[in-house]
Every structure is written in C-alpha cells, then in structure tokens.
Number of protein chains: 2
Amino acid sequence: MTTTNVGLIGLGTVGSGVAKIIMEEAEILAQKLGHDIKLAKVCVRDLNSPRNFSPPAGILTTNPEEIVGQPDIPVVVELMGGLEPARTLVLKALTSGQHVVTANKALLAVHGREIFAKAAETGREIKFEAAVAGAIPVIRTLKEGLPANRIQSISGILNGTTNHILTRMTRDGLTFQDALAEAQESGYAEADPTNDVEGFDAAHKLVLLTALAYGVLPQLADFHVEGITRLEPDDFSSAAEFGFVIKLLATSALDPGGRLEIRLHPAMLPAKHLMAGVSGVMNAVMIRGHACGDIFLSGAGAGMMPTASAVVGDIIETSRDLQPGAAPQVPALGWKHLQSWAVRPQDEIRLRYFLRFTVVDKPGVLSAISGILGKHSISIAQVIQKGSGPKRGGVTLVMLTHEAGEKNLQTALAETDKLDVLTAPTRLIRVENLT
Amino acid sequence: MTTTNVGLIGLGTVGSGVAKIIMEEAEILAQKLGHDIKLAKVCVRDLNSPRNFSPPAGILTTNPEEIVGQPDIPVVVELMGGLEPARTLVLKALTSGQHVVTANKALLAVHGREIFAKAAETGREIKFEAAVAGAIPVIRTLKEGLPANRIQSISGILNGTTNHILTRMTRDGLTFQDALAEAQESGYAEADPTNDVEGFDAAHKLVLLTALAYGVLPQLADFHVEGITRLEPDDFSSAAEFGFVIKLLATSALDPGGRLEIRLHPAMLPAKHLMAGVSGVMNAVMIRGHACGDIFLSGAGAGMMPTASAVVGDIIETSRDLQPGAAPQVPALGWKHLQSWAVRPQDEIRLRYFLRFTVVDKPGVLSAISGILGKHSISIAQVIQKGSGPKRGGVTLVMLTHEAGEKNLQTALAETDKLDVLTAPTRLIRVENLT
C-alpha cells in the first residue's frame, strides 16, 4: 500500500478539522481508497499554542518551506488565509510540482488568473471545494456533474454570517445592529464584521462560481456589491406582507446578449421558493442549466467540520490521481479558457423593485411620487401606506414595481429624493423572481 | 485532437436527449474537454420509427452487437431499460473491456452484485448518475464529494410521479385516483403506474444510494416498501393541521447498533423543512455526514433533458479518463467492499406515528382506544376528533403519538382493530423528524 504525504499550512479552526479527519478516519479512508493519507508536516504560527488534539511528535513546524518545495510532500493544503504569503507559497508549490488544495476564496478571487495559469503551466491541480459554500459540493457539481450543460444562471446564499443575521431579523424583528451584536457574541460573526456584512466574502465566492460556469474571472470592482447594513426591521415586515423573504443573494447569469450579469445585494425572494427556506448559517446555490434545469444545493457553508469535509474530499481526490498508473487529471473544465467577457452594466438590468419612501403625511404625496415614477416608465404593482414609524417624522409608503430598468429607476429616485415631502432617503431592495 | 466513440443502446426519451446534447453541443464540449465525443452507433428497435431529430446516415442499427464488443467503441451507454437483455449486454461490454454508462436503476438494484463485481474484475467503469434522482448529482456527491464522511443517514424524495401526485393531493385535495388519472393524462404517470405508485422505482434508487453510502446492496424483499395508493384526502388535511406535509420518503441510516435501517413509505414531514418544499416532479436527497452535516440536493428527477444531462456528464467523465496518459479511474469508493450487513427489522424501528381511526360516535370510544395504546406503552401527543366523513358511517379520530416502537404499535393496532366501535381499518402514517 502506497502513502500520500500531505503538508498542511495553517492549523486554525478548519486546519484542526482537517487534521482530525485525516488522523481519526485513517483506517476507513485507507479502506475506501486502497492507500494511506498521511499528515506529514503541519506549519503553525506558534509551536506552543494550545490545541484540541495532539499532533504526532515532530510533525509541527513554523517554517512553511519545510512543506512547500519538498519533493516527498506531493500535496500542499493551504489554510492560512489572507493574500500574502499565501499567494507566494501556493505559486511556489505549483512551480515545485506540488498539487494544492485551498479554502482561500479571497486568494483565488483576487489572484486567480495568476494562480490558475501557473497550475495549467506546471500541469498541477489546484482544488478549492471548501472555498465556496463550505461542505456543499458545488465546485464539483459545476466541474464534474454538469459539463453537458450551458449554464444559464447561478444564484446563491454564500455567506452564513449574514444569512444568520437576516434570519434573526426576519423571524424576530431584530435591528441589524442587535442581530450583529448577538452574532458576534455567539461566534457567528467576527469582531470586525466588514468582510461579511458588506458582502465582500460572498462576492469573492460568486467570482469563483462565475469562473467555473463561464470561464471568466471578474473583479469585485466590475460589479454591484451591496451588503446588509442598511436593512431595517420595516423592510422585513413589508417583505412579509408582499410574500417575500429578504436574503443576501449572489447572482451570475448570461443576459440575452451573451453578456455577464453579475451582482450581489439584498434581494426579496418569493417566500415559497426553496432558497427562501435556507435559514441560519446555512448556504445554498441554485444552478440553472439548459439541460438539467434547476439544481438546488444547500448545507453548512462554514464551520470546522463541514469545511474540513470539503478540504479532505479534495485531498482524497488529489491523492487518488497520484496513485501509480494514474496520470495528472485533465484540467478543470473552463479554467483553460479564462477569457474576458463583457459585464452587463448594472444600469441595464431589469427587475422588480421594492421601494420604501418616508414622507410627510399630507395630500398629494402619493400623486407626486407616482407621477415621477410614471414619467420614467416605472409602473407600480402594489402600494401599502403605513402608520408613522417610531423614529421618523413621517409615514412609510412602500411600493412594489412591475419590471423596470435600473437606470430609469435610479433617475426617478434621484428626482423623488428632491421632493420636500420626503423626510428620509428612499430605500430600494431588488426583487428576484426565482421560479 | 482525439475522439471518443460512444455507442448508444436505446433511443427513447432519454436516449434522444443524450444524442441531442452530444450532437448540438459538440463544439462546446470539445472546447471544454480538449477532445471530441462522437456518437458512433445507435441501436434502436425499429429503424423507421419517427424521431424528433435526424441521426447522421449509417449510425442507426437494430443489432446491439454492433456496439457491444466493438473495440473501436470504448464507451457503451445502455438506455434500453429493463433487466434483460440489458444485463447480458452490460456484462458483455464490461468483459470486452468497454466502459458502461447506464440510467437503469432496476438493473443495478437487482443485478448490482454481479455487474459491479464484473466491473471490478475487468477494471472497467460502470457509471450511473442518471439512475438516481435524474439531473441531481447525488451519486457524484456521495462518491467524490463526501468521502471524508461517515454517512449517518440518507433521506430523499426519489420518484417524481408520486411526488407530483402527492403535491396535487396536498394542494388541491384530490383523491389518489383523480390525481393519478390526471398525471397519466399529462404524461407524468405511465399507463401501468405500479412501479411508481407502489414505491418500487424509488426503492431501487434507495438501494443504489445505500450501496454507495454503506457498501451494501439490500434487495427490496429485505425492507419495508409501501406506496401511496392508500392515502386519502383526510390524511392530507390532518397532516396540515399537525404542521406536516406527506411525502413518499426513502430512508437509509445506520442505527446505534451499526445495523442498516432502510425503508420506503409515505411519511409526514415538518412543513417547514426544505424536503417538504420539494413539489411536483422534483426530487431531493438529504445526506447527513459526521463532518459535513446535512447536505440537501434538489432538482429534476426525470425528463428527457435533465436525465440526459446526467448521462452525458458520465460520458464526459469516462471520456476524460480514456485520454492518452490517463489510467483507469480508481474504482468507486465503497464498491470494492460490497458486504453483507444486518438490516434492522422494521419491528424495531422507533418513530412518531400518525393514526387515523374511523369509529362510531358514542361515549367511551376514545377511552377504549387510548387504553389499548397505553397498555402497549404508546403515549399520545395530540388528538383531533373530526366530523363524520362523507363515505363512512363514523367519525374520524386522528392521533399523533410520541416516539414509540413499531412492534408495540402494530400489536396495539391489531387489538384496536378488533373493537366493534371501529368501522374501517385504521390508517398509520409514519412521522419523520427531519431537522
């Protein structure tokens, strides 16, 4: 029986889970695979940190060069996070002929072009199932399960922290600030939550899904990224009245002209759609293909063991490809053809919109607002006028539009915002017609 | 550029979809793969049947031996269905050194031991993503995505015809007979619906999922298989009152003693669970692993293009493995170790139960029934007494029990059924606590 030596860089939460599975399940894995997977070296920041398991003697090091570039360690697992030195180490590993498994979505979203090119050049694998949606095998599904399909769209809930916060706001009427504070207390949100609540983490994952589906690697500056920090309890109760649930939704699709429509923002979804039922820290991805129809995948998007499950899955696959007689795997579908692609300007998208105006309660207000909307070809589907909000000097007027162009809508809102009957900025939430 | 020749046996609905994808997407597939996939030969029953596409000249044959055993056709796609001659052809193809892709769940569930042994012996692949849950990549997820996991349970909605019928009964109050007739009219059910409505089709798929998860291949006679033919509108309204939805649910799990708990029957599920939201002809599978937690997959379980999507995915994977330099793939995890396993007797399972008694409306009835249940350690959680049903000479008494042993329950029901106040056989529906 042969043995695959694995080098692990980073022994935080996910790294510990990976080590735990490789050590505790060694016998079952060997039985399933016909060969052993061995944790040969683990690079940590501090040799003396307390750990919740006992690594074998001599396995720990603080020097990543004891893993990267070592010919007896064919598989490098990068779990340190961050852009540098992760980028340098991953490139060096690939150059040295090592295969790489990583969960580092930011690294791949930002430096993907360079890293994937290096992998193609050296004929080595870079696997990253754990980088998107944790335990959910969405990378594998796109690469291996649906290659017969032209992918028409991908939509998903890709960040567990924000979905947990939104679930609390939906179910229990919490404010964003209270839900965030609670999430921080219970460990679901970090002390600096920016990366999650502003949507950057989910946007990085969306970039990777887009790359797999369409062979392009847009940067965050190329598309609309909007977090959840400005959502208010009123939005959630209004959403419920219209039969919607608010989620932070990632969307990537081809528009009729073959341009990429990609965006990440809070969205109202039909309450009956499976996606609306994804609650707490769960993630979900829906893939629409021309042959397969809608494939919906859901599961734990983060956490020690779910993420480790995905990392070890990649290690096992790499290890199988390394067995005597097995040649390097055919490169991942799509990656070979990373190309530039026209992104559809956000201005040109067409959606239904939820609008919340805060206005002075006097005659003629609705007429003034609806007049401006009408002038810009925005047709109103439903209106609800609500009582005075506790914190504002006005009444709330919520509207659901028929499908309209984003540019027209933004122009109209710029105009209504100048009306002196408006006492607060108008809120806009896009509506996604998931069917 | 090399070319992989594919031979297709069977050009029905799914076969036509496969041919359509291979021919229409040829250019994109070649670009993705770096090599061509070519439909070399297609075996049909009748050369002159009308078709909705035009196969290239000379490609059609009525003789499967022009595909099976031909050294220039390395991939055989069996889509003829049925047990024979499919079994003989598949075995012969494997023996001849050909790889096989099939969507034939019955063939693999019944003759799997023989067929998988032959594939292992000859070092050839047998792929069957399309055999379970159509376009949903559940086979790939179990084999490739979650090998780091000890699978704790699998549950799923594996038959689209029955799910469509149950959805109509749930939403619109139809009787089983009316919903079935409607499904037959609209093409969702076959003229002889036995295989679907009695649960055999879903049970075959459950056998295959069980084989992948646990390395065992139980036969239908080994476990409880119960279809949907006895469900009545009353059951659905009662389920709704208790917050449940009725689905035909397949379950396979390891019990605390390491025995296989496997069963297929109508089950009441919490209405808020994602599984309860799977409607119409959709299928879904939930996999619970010790590391990944719950992974939920849903999508089209049947239909021409969704099933063809899965078949072509398998063809592509096989074709990639055949490229110069690539060795035969490591055998599917688990298959090598097909073993015998103790099946937990249905008697020993413990669940909550929904019971519907039809009784004479007179004093003392509830006390008589609950007395018998109590004697057998069955504790009642909720009772609803309903008015007289239109067709029966009695009132309906529905109960939800706390968790109880199946054997105790069956013994108690045998006893209550002898009470002369009962005017119809008692109905039992198991409750699954999906969380």
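In what follows, every chain begins at residue 1, and chains take the letters A, B, ... in the order their sequences are listed. A quick note: this is a predicted structure, and the numbers were derived from the prediction, not measured.
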Between P137(A) and chain B, with a heavy-atom cut-off of 4.5 Å, which part of the residue counts as in contact: side chain, backbone, both or neither? side chain
Please classify the contact of I295(A) with chain B as side chain, backbone, both or neither, using a heavy-atom distance under 4.5 Å. both
Among H273(B), R150(B), K272(B), which residue forms the greatest number of heavy-atom pairs with chain A at distances under 4.5 Å? R150(B)
Residue pairs involving residues 11-23 of chain B (criterion side-chain hydrogen bond (donor to acceptor under 3.5 Å, both in side chains); sequence neighbours excluded): K20(B)-E24(B)
Heavy-atom distance under 4.5 Å to chain B: side chain of L274(A), backbone, both or neither? both
Check whether any side-chain heavy atom of E144(B) lies under 4.5 Å from a side-chain heavy atom of E129(A), and answer yes or no. no
Enter the distance from K143(B):NZ to E317(A):CD here, rounded to the nearest 0.5 Å. 11.0 Å
Compare every heavy atom of A135(B) with every heavy atom of L146(A), then report the nearest pair and how far apart it is. CD2-O, 4.3 Å
How would you list all residue pairs meeting side-chain hydrogen bond (donor to acceptor under 3.5 Å, both in side chains) that involve residues 293-311 of chain B, not counting sequence neighbours? N149(A)-S309(B), R288(B)-D294(B)
With a 4.5 angstrom heavy-atom cut-off, which part of E25(B) approaches chain A: side chain, backbone, both or neither? side chain
Nearest heavy-atom pair of A148(B) and I316(A): which atoms, and what distance? N-CD1, 4.0 Å
For P147(B) and L29(A) the tightest heavy-atom approach is O-CD2, 3.6 Å
Crowding at OH, Y188(A) (>12 non-hydrogen neighbours, <6.0 Å): no
Just so I understand: if I count every heavy-atom pair under 4.5 Å between each of A300(A), G313(A), A308(A), A291(A) and chain B, which residue has the most? A291(A)
